[in-house]
Amino acid sequence: MLRSNTSFLPGKELRLRGAFCLYGSLSAYGHVAAYGHEGPTRVDAGLESRDPSRPDSAPRRASRWHEGRLMSKPVRTRIAPSPTGDPHVGTAYIGLVNMVHARQNGGTFVFRLDDTDRSRYRADSEETLFRSLRWLGLDWDEGPDKGGDYGPYRQSERTEIYVEHVNRLLESGHAYRCFCTPEEIDAHRAQLRAEKKTPRAPRTWRDADPAAVKEQLAAGTPHVVRLRVPLEEDVTIHDLLRKDPITINTRELQDQVLLKADGYPTYHLASVVDDALFEITHIVRAEEWISSAPIHKLLFDAFGYPMPVLCHMPLLRNADKSKISKRKNPTSLLHYKEAGFLPEGLLNFLALLGWGGPKTPDGGNQEIFSLDEMIEHFRLDNVSLGSPVFDQAKLRHVNAEHLRALTPEEFVARTQAYMFDKERMLALAPLLAPRVETLGEVCERADFVFGEIHHFTPETRKLKDKNLRTVIAGLQPAGVEPLDAHFALREIREALEGLTEWTAETLEPTCRSLTNEDWVGWKAKTLFMAIRVAIAGKQETPPLFETMAILGKSRVLGRLDQAARALAEPGKKALKRWEKSKAERAGRRAASAAEAAGET
RNA sequence: GGCCCCAUCGACUAGUGGUUAGGUCACCAGCCUUUCAAGCUGGCAGCACGGGUUCAAGUCCCGUUGGGGUCACCA
């Protein structure tokens, strides 16, 4: 395979390649040469390029594999996050790679908001998303908050475009209207599962009588539009990182919903249409999308749009190698910001996953580097495919290196901004002032606000230290099993998670509602102490709900997780038992509510 | 379970047919130091297994095992 690795001189080759990436020229990287075998109308561009780092190397052939004439296109990449929750490290990771690839090719990095799921939409998370990614150091050239020539960049504002596209597919026979009810679909799937077949939506309407369709349409029956997936046909996709093409037979696929009953598109439709319209050249996204790539390929083909280069990045992992999850790892960018990580440190750490960093003369990798250095040296097609564990220890180390590189002035500025944020201090002042007698006591009194708390590692529980024992005592009241205390905290967390407004006034009733007799039997006093210790690491704090409000939702939730984890790690059986108990209690609550309603 | 992806120290990685398998984190030991960090020196530790191909395999091929993803009107 040809690659300019004889000298890892910073992006020599890339610079020469210039701002334009020959559409498909990545086949020159060798292992994607298989592209050249695809497509009925492939035209050999006959272009040759040389590896500049090896003047004597054989000329490499660049070819273009899909329809039409040779066309060079400026690189355009994108991220398309959903505003449905806290900004995720995975989003940042994929965003970083997309941005770096665009930048090093003089291309454009696009931010597109995937807000087509109206039921999960949360208005506040859109702004948080922008802010968090910007904090990290990501910056996009086009986006909902920035505009651009390809807008609108919010998919919820593009529904006419999707409907128009769906109509095209309807006319060309690539899609059909499906009037099945959700119940019918579920039943069908259940039956197929029972027969040990691939569960699929029924194809009742796939070849329905046009008259019947017209009738349903006239009656205004709710319906979706589905892709008419070919019955038995191999669909082959090419991935920049995997040398073998991936072939999936359409019998593994189902007639994917394209347009939902509420008129909004599904991810599949919206992303394909927008990637085409935005002229995205490289789709760089997480590995979990591989299995739906054939659907996308089918869609690009149905529309007659050129297929972008696909690049599926490895999934970030928990220590046990499962897909990273907030249960087992903090996944919110807010957490890392609030825990005092430097954005450049986090970014550097993320860059290390799948890539070692620039090569060093001793045969190793330079692991500490800046975004600019990454843009200079990183190569998208050289990402390693293992399952990178998001290792907190390594993250801390990388962050520490960046911290140490700060000048004293910078260090002070960063620390001040982190600890004594004016807004936060103003909120804190009325709670703190009555409780201190000198300024010297401020930090001690509110230590849990200013930084991380460390009381909840599993090791802590083994310590003999008296103070720490008290801490655990609060978390786990006398006579309560660790596992029960774990679930108590977890249940609190779940209740709080649903809160959209995070103030002392909204927090109090939510917390109090968990103290009814249906609960594990704790009094308010006990429950509130457990929460207090979990979020503050000690038993003396300003009033609980005010304290929680100031700490902020993500930190409170994160610390409840942390505390729960420190108490116990429930097994599958225990989890099941808990789920069951929750359901039963919910049932009882509903029953007693109904009874109460009946009496009045 | 079907389909798909993946596989180098505990973790992140370098490696693209010929290496004493390199670097970093973590861990251990020593040095430095009033303490703790940091720093320095050293150590522990890896090509999942089995078959091929080849003069030569961590590197290529096949199989096994293991891990993961995915099977929604969520993305």
Side-chain angles (χ1 to χ4, degrees), chain A residues 1-3 5 8 30-31 80-85 88 90-91 114-121 155 178 180-182 185-186 189 192-193 196-201 222-226 237 239 241-244 246-254 256-271 285-295 312 314-324 349-368 382-398 400-401 403-404:
Chain A
M1 197 179 305
L2 296 161
R3 187 170 301 159
N5 63 347
F8 194 86
H31 69 243
S82 293
T84 48
H88 199 275
T91 306
D114 194 333
D115 57 351
T116 53
D117 183 351
R118 303 320 283 174
S119 58
R120 290 204 303 159
Y121 178 78
Q155 292 187 319
C178 166
C180 290
T181 64
I185 297 171
D186 287 347
R189 284 213 181 98
L192 285 175
R193 238 189 302 269
K196 295 201 192 281
K197 290 180 185 159
T198 312
R200 246 204 235 102
H223 66 283
V224 300
V225 177
R226 288 180 184 276
I237 58 162
D239 186 287
L241 298 177
R242 280 153 259 260
K243 55 182 159 190
D244 293 327
I246 300 168
T247 299
I248 294 177
N249 194 284
T250 51
R251 85 175 84 87
E252 308 297 336
L253 272 26
Q254 65 166 337
Q256 271 296 341
V257 171
L258 265 20
L259 204 62
K260 299 183 261 191
D262 64 3
Y264 285 92
T266 58
Y267 169 87
H268 306 293
L269 204 227
S271 79
R285 59 174 20 161
E287 200 178 2
E288 55 189 331
W289 291 108
I290 288 186
S291 54
S292 42
I295 293 282
H312 291 95
L315 240 24
L316 268 28
R317 311 295 183 127
N318 299 313
D320 64 3
K321 293 277 179 185
S322 55
K323 177 162 99 167
I324 195 166
F349 170 72
L350 253 15
L352 250 21
L353 304 179
W355 185 56
K359 305 265 196 307
T360 53
D362 66 352
N365 294 80
Q366 175 197 335
E367 295 202 312
I368 305 302
N382 204 26
V383 166
S384 80
L385 253 19
S387 318
V389 171
F390 195 101
D391 181 13
Q392 298 286 334
K394 180 84 175 240
L395 165 62
R396 295 179 69 87
H397 167 77
V398 171
E401 294 289 346
L403 210 49
R404 285 170 199 142

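None of these values were measured; they are calculated from a predicted model. The sequence lines fix the lettering, A, B, ..., with proteins before strands; numbering per chain opens at 1.
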Gap in Å between the two C1' atoms, one belonging to B:G17 and one to B:G23, rounded: 23 Å

Mate of B:C71 across any strand shown (Watson-Crick or G-U wobble, both atom pairs under 3.5 Å) is B:G1

Show your working on side-chain contact (heavy atoms from CB on, under 4.5 Å) between A:Gln256 and A:Thr266 and close with a plain yes or no. CA-CA 9 Å; A:Gln256 271 296 341; A:Thr266 58; 5.6 Å; no

Whole-Å distance between B:G68 P and A:Arg242 CZ? 17 Å

Taking atom P in both B:G2 and B:C28, what distance in whole Å separates the two? 45 Å

Can you identify which nucleotide, out of B:C71, B:C6, B:C5, has its nearest atom closest to the A:Pro199 side chain? B:C71

List for me each residue that meets side-chain hydrogen bond (donor to acceptor under 3.5 Å, both in side chains) alongside A:Asp262, sequence neighbours excluded, and say none if there are none. none

Test of understanding: with side chain to side chain contact (heavy atoms under 4.5 Å, CB included), list the residues that count as partners of A:Gln155, not counting sequence neighbours. A:Arg112, A:Asp114, A:Asp115, A:Thr116, A:Tyr162, A:Ala270, A:Asp274

Re B:U16: Watson-Crick or G-U wobble partner, both distances kept under 3.5 Å, found to be none

Return the polar atom pairs (N/O with N/O) between nucleotides 60-65 of chain B and the protein under 3.5 Å, or none.
residue: B:C60; atom: OP1; partner: A:Lys243; partner atom: NZ; Å: 3.0

Using a heavy-atom cut-off of 4.0 Å across all strands, would you classify A:Gly363 as base, sugar-phosphate, or nothing? base

If you restrict it to nitrogen or oxygen atoms, what contacts under 3.5 Å exist between nucleotides 73-75 of chain B and the protein, and what is each distance?
residue: B:C73; atom: OP2; partner: A:Arg189; partner atom: NH2; Å: 3.2
residue: B:C73; atom: O2; partner: A:Ala261; partner atom: N; Å: 2.8
residue: B:C74; atom: OP2; partner: A:Lys260; partner atom: NZ; Å: 3.1
residue: B:C74; atom: O2'; partner: A:Asp117; partner atom: OD2; Å: 3.0
residue: B:C74; atom: O2'; partner: A:Arg120; partner atom: NH2; Å: 3.0
residue: B:A75; atom: OP1; partner: A:Thr116; partner atom: OG1; Å: 3.1
residue: B:A75; atom: OP1; partner: A:Lys260; partner atom: NZ; Å: 2.5
residue: B:A75; atom: OP2; partner: A:Tyr267; partner atom: N; Å: 3.3
residue: B:A75; atom: O3'; partner: A:Ser82; partner atom: OG; Å: 3.0
residue: B:A75; atom: O3'; partner: A:Asp114; partner atom: OD1; Å: 3.4
residue: B:A75; atom: O3'; partner: A:Asp114; partner atom: OD2; Å: 2.3
residue: B:A75; atom: O2'; partner: A:Ser82; partner atom: OG; Å: 3.2

Show the numbers, then the answer: is there a side-chain contact (heavy atoms from CB on, under 4.5 Å) between A:Arg317 and A:Ile324? CA-CA 4 Å; A:Arg317 311 295 183 127; A:Ile324 195 166; 5.8 Å; no

Determine the Euclidean distance between corresponding P atoms of B:U53 and B:A7; express it in Å to zero decimal places. 24 Å

B:C49 pairs with, by Watson-Crick or G-U criteria that keep both distances under 3.5 Å: B:G63

Could you check which nucleotide pairs with B:A57 in any of the strands shown, counting Watson-Crick or G-U wobble with both distances under 3.5 Å? none

Identified pairing partner of B:A38, criterion: Watson-Crick or G-U wobble below 3.5 Å: none

Applying a 4.0 Å non-hydrogen cut-off, can you work out what A:Arg317 is touching in the nucleic acid: base, sugar-phosphate, or nothing? sugar-phosphate

In whole angstroms, the gap separating C1' of B:A21 from CG of A:Asp362 amounts to 14 Å

Contacts of A:Thr84 meeting side-chain hydrogen bond (donor to acceptor under 3.5 Å, both in side chains) (sequence neighbours excluded), chain-then-number -> none

Would you measure the distance from the C1' atom in B:A48 across to the matching atom in B:U59 and give it in whole Å? 16 Å

Report the distance from atom CG of A:Leu253 to atom P of B:G2, rounded to the nearest whole Å. 18 Å

N or O in side chain of A:Lys197 less than 4.0 angstrom from B:C71 OP1/OP2: no

All ring-ring contact (aromatic ring centres under 6.0 Å, His included) counterparts of A:Phe390, not counting sequence neighbours: A:Tyr336, A:Phe349

What does A:Glu367 touch in the nucleic acid at a heavy-atom separation under 4.0 angstrom: a base, only the sugar-phosphate, or nothing? base

Taking 4.0 Å as the cut-off, does a side-chain nitrogen or oxygen of A:Lys321 come that near to OP1 or OP2 on B:C12? yes

Would a distance-only check, ignoring hydrogens and angles, find a side-chain to backbone donor-acceptor pair under 3.5 Å from A:Arg226 to A:Leu259? no

How many whole angstroms separate atom NZ of A:Lys323 from atom C1' of B:C71? 13 Å

Interatomic distance, A:Lys394 NZ vs B:C9 P [rounded to whole Å]: 14 Å

For A:Arg251, enumerate each residue passing the side-chain hydrogen bond (donor to acceptor under 3.5 Å, both in side chains) test, keeping only those at least two apart in sequence or located in another chain. A:Glu232

P-based separation of B:C31 from B:G10 [nearest Å]: 29 Å

Any idea which of B:C25, B:G69, B:C4 is nearest the A:Ser322 side chain? B:G69

Reported CD-to-OG1 distance for the pair A:Gln366 and A:Thr360, which is rounded to 0.5 angstrom: 8.0 Å

Whole-Å distance, A:Arg118 CZ to B:A72 P, equals 24 Å

Scan A:Asp391 against the nucleic acid and name what it touches under 4.0 Å (heavy atoms): base, sugar-phosphate only, or nothing. sugar-phosphate

Applying side-chain hydrogen bond (donor to acceptor under 3.5 Å, both in side chains) to A:Lys260 and not counting sequence neighbours gives none

Among all residues two or more places apart in sequence or in another chain, which pass the ring-ring contact (aromatic ring centres under 6.0 Å, His included) test with A:His397? none

Roughly how many Å apart are B:U34 and B:A26, using the P atom of each and rounding to a whole number? 25 Å

Base B:G23 to side chain A:Gln366, donor-acceptor N/O within 3.5 Å cut-off: no

Keeping the roles fixed (side chain from A:Asn365, backbone from A:Glu367), state whether a donor-acceptor pair exists under 3.5 Å. no

Choosing from B:G15, B:C5, B:G22, which nucleotide comes nearest the side chain of A:Asn382? B:G15

Along RNA chain B (nearest heavy atom to each residue), the more 5'-positioned of A:Gly354 and A:Thr360: A:Gly354

In the 5'-to-3' direction, what one-character label does each nucleotide of nucleotides 36-53 of chain B receive under the scheme B = base within less than 4.0 Å of a protein heavy atom, S = sugar-phosphate only, - = no such atom? --SS--------------

Determine: side-chain N/O of A:Lys359 to OP1/OP2 of B:G15, distance under 4.0 Å, yes or no. yes

Non-neighbouring partners of A:Pro199 that pass side chain to side chain contact (heavy atoms under 4.5 Å, CB included), sequence neighbours left out: A:Arg189, A:Arg193

Set of side chain to side chain contact (heavy atoms under 4.5 Å, CB included) partners for A:Glu252, sequence neighbours left out: A:Thr198, A:Ile248

Could you work out the separation of B:C44 and B:C36 based on their P atoms and round it to a whole Å? 26 Å

Rounded to the nearest angstrom, tell me the gap between atom CG in A:Leu350 and atom P in B:U13. 12 Å

What's the CZ-P distance between A:Arg193 and B:A72, to the nearest Å? 7 Å

